[in-house]
Structure formats: structure tokens, C-alpha cells
Amino acid sequence: MEAMSPADTDRVAGVVNDALAAIHEVLERHRVTEREWHAALAFLTEVGRADEFILLSDVTRTSVLIDAMEHGGDDSGATASDVEGPLYVDDPPWREAPVKVYEDYEGMGDADVLFVRGSVTSIDGTPLPDAVIDIWQTGPSGGYDIWDERQPEFNFRGRWRVEDEGGAYEFQTMLPKPYTVPTEGPVGRYLEAVGQHPWRPAHIHFKVTAPAHRPLITQVFFPDDPYLENDTIGAVKAALVRPVEPEGDHLVCPFDIVLRPAA
Ligand code: BEZ
Ligand code: FE
């Protein structure tokens, strides 16, 4: 590990001391007992063992708060960012044009084919043909590929370079459905204990990068979803709810992506 500078030490001490003061104040105010405190420590130990700290950050809406502080208040016209969540898998496959991000699987159900299309541009409208779009989402049944043995590895995941000189992109997927965040581990027990439901509205995650631009991580949501108003991680933003229209035998969702130049 690199040695910390005096400024780093000051920063850490400042944040940690304030965090401890806030925690101590809450413990005192609620007269938390030794037994309760030990249960809390055992819970956090389990969260670490189960690799669920990102999930805990998400369901406590801490991830949304950090995302808002880091990327909020951006009036440049760039697409709004959103939290990444814990379900991105490194090194997804490169997909060839015409991009289709899934293979059919047994039990996928009666689902709607969806084409998502739009452009990737800079805030001044310059097209970004060298942008790379990387998406991940649940299948129409069974959730993410990593939870569902029926789906091939990396189903409903993939990345590709835009290539088009005008920045236009399109990919074929299936309309995802609402799903619950993982509930079989300690975070599931936490949700039950605090009376919070585990549902997220249907969404598609995007990571978009382009030379000389700030990377964007975001999500797209769809109208009329029962969980738009009460996403368990609180990540829905009105600007990221995109229309879905029928077109022939499939659906279409327009989503233009605007990146901000790197500082
Ligand atoms: C997700 O959307 O993939 C997700 C986000 C937060 C917690 C769990 C899952
Ligand atoms: Fe997700």
C-alpha cells in the first residue's frame, strides 16, 4: 500500500472521528445493549464473509447518496449517472453487429423482444463512434445469468464499440422484469428485520466509455413499473425512465447517451 500523505491522514481522521461521534450518539440515545451490539458486529462479520457490503450499501441507499454527491448537480446536459450495484461481471463478451445480447433459454417464458437504440454523443452534439457500450440486465425470467443455471454464461451481458460515424447504436435484448435483490444472505435478513421489501423495478445497466470523456455508469427504467416509486435501493431518476413503444413484432426503447468531456 502507498504511504498516506499528511493531507490523506487529516481527511481520514476527520471523516472517521465524525462517523464515530455519530454512531456513539445513536448508541447512547437508544441505550443499545451489549447483546445488541455484539449481534450487530456478528451481522457485519457475516456481511463481509458473504461479500455483501456493496449490497448493504445499496439497500441502505448509501450508494445512491454517494452517487448523487459525486455526479449530482451536473447541468452540462450529460446523461444522469446511477449506481452500479453488485452484479456487474468483469470481462463481458464483445458482441458483433447487429448486437444481440442473449441466447434463448428453456423457460424464458413469453417475453417481449426489445430493441434499445439511440446515439452516443458529447455534450456539444459531437458523435462518439469510438465509444464502448457495456450493458447487463436480468433475463425475462430467472433473473441474472449468474443466478440461473438455465442461462448460458454472460447471457444478457455484453459490450461493443459504437463504430457508426454518427454515433448511432442499437442492440437487441428482451424487456426485463422487476426482480428482488439477493435475499438468501445476511442482507436479506436485514431487509426483513427493518421491514423493507427487496424489489427493484425492471432496468438495464449501462457503462459507457469514450476517449477523452468521463465514463458513465447508469440504468434505464421503463414506464408503468410497480416499483418505480419504491425501488428498494432508491435509484430511479425520472430522466432515466424511457418510453417503450411497439414496432412490428417487437418493442423499441429510445435512449440517447450524452457524455461529458474529461476535466
Ligand atoms: C442491480 O440492479 O443489479 C442491483 C443493485 C443493487 C443491489 C442489488 C442488485
Ligand atoms: Fe440490476
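For the single chain, residues carry numbers from 1 onward in sequence order. Whatever order the structure lists ligands and atoms in, that order sets their numbers, starting from 1.
- For K207 and Y88, the positive end sits near the middle of the six-membered ring, less than 6.0 Å away and at most 45° from its axis.
- Distances between N or O atoms of E84 and those of ligand 1 include no value under 3.5 Å.
- Not a single N/O/S atom of Q219, whether from backbone or side chain, sits less than 2.8 Å from the Fe ion (ligand 2).
- Of the inter-residue distances, the one linking I204 atom CD1 with M174 atom CE reads 11.5 Å to the nearest 0.5 angstrom.
- Heavy-atom proximity to L87, at under 4.0 Å, picks out these atoms of ligand 1: 3 (O), 9 (C).
- In summary, an N, O or S atom of Y179 is located under 2.8 Å from the Fe ion (ligand 2).
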Determine, stepwise, if the pair L128 / H213 fulfils side chain to side chain contact (heavy atoms under 4.5 Å, CB included). CA-CA 10 Å; L128 298 172; H213 285 76; 3.6 Å; yes
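- For ligand 1, the atoms closer than 4.0 angstrom to any heavy atom of G85 are 5 (C).
- Using a cut-off of 4.0 Å between Lys/Arg side-chain N and Asp/Glu carboxylate O, R161 and D130 are scored as not salt-bridged.
- No more than 12 heavy-atom neighbours from other residues, nucleotides or ligands sit within 6.0 angstrom of CZ on R31.
- In terms of N/O distances under 3.5 Å, ligand 1 is not approached by W136.
- Among all protein heavy atoms, the one lying closest to atom 1 (C) of ligand 1 is Y179 OH, 2.9 Å.
- Taking 4.0 Å as the cut-off between side-chain N and carboxylate O, K237 and D82 do not count as a salt-bridged pair.
- K100 forms a cation-pi arrangement with Y102, by the criterion of a distance under 6.0 Å to the ring centre and an angle within 45° of the ring axis.
- Distances between N or O atoms of D58 and those of ligand 1 include no value under 3.5 Å.
- Using a 4.5 Å cut-off on side-chain heavy atoms (C-beta onward), L114 and V252 make no contact.
- Near L55, with a cut-off below 4.0 Å to any heavy atom, the atoms of ligand 1 are 7 (C), 8 (C).
- A salt bridge does not link D124 to R260: none of the charged side-chain nitrogens sits closer than 4.0 Å to a carboxylate oxygen.
- Considering just the N/O/S atoms of H203, the one nearest the Fe ion (ligand 2) carries the name NE2.
- Of all the heavy atoms of Q219, none lies under 4.0 Å from any atom of ligand 1, so neither backbone nor side chain is involved.
- Residue contacts with ligand 1, taken as heavy atom pairs separated by less than 4.0 Å, do not involve S63 at all.
- Here is the list of ligand 1 atoms found below 4.0 Å of a heavy atom in I233: 5 (C), 6 (C).
- Note: angle at the Fe ion (ligand 2), from OH of Y144 to NE2 of H205, is 90° (rounded to 10 degrees).
- When each of V258, V220, T121 is checked for a side-chain contact (heavy atoms from CB on, under 4.5 Å) with T79, only V258 meets the rule.
- Environment of CD in E247: crowded, with over 12 heavy atoms of neighbouring residues, nucleotides or ligands closer than 6.0 Å.
- Near V181, meaning under 4.0 Å from any of its heavy atoms, are these atoms of ligand 1: 7 (C), 8 (C), 9 (C).
- Of all protein heavy atoms, the one lying nearest to atom 2 (O) of ligand 1 is R200 NH1, 2.6 Å.
- The atoms of ligand 1 that sit less than 4.0 Å from any heavy atom of H205 are 1 (C), 2 (O), 3 (O).
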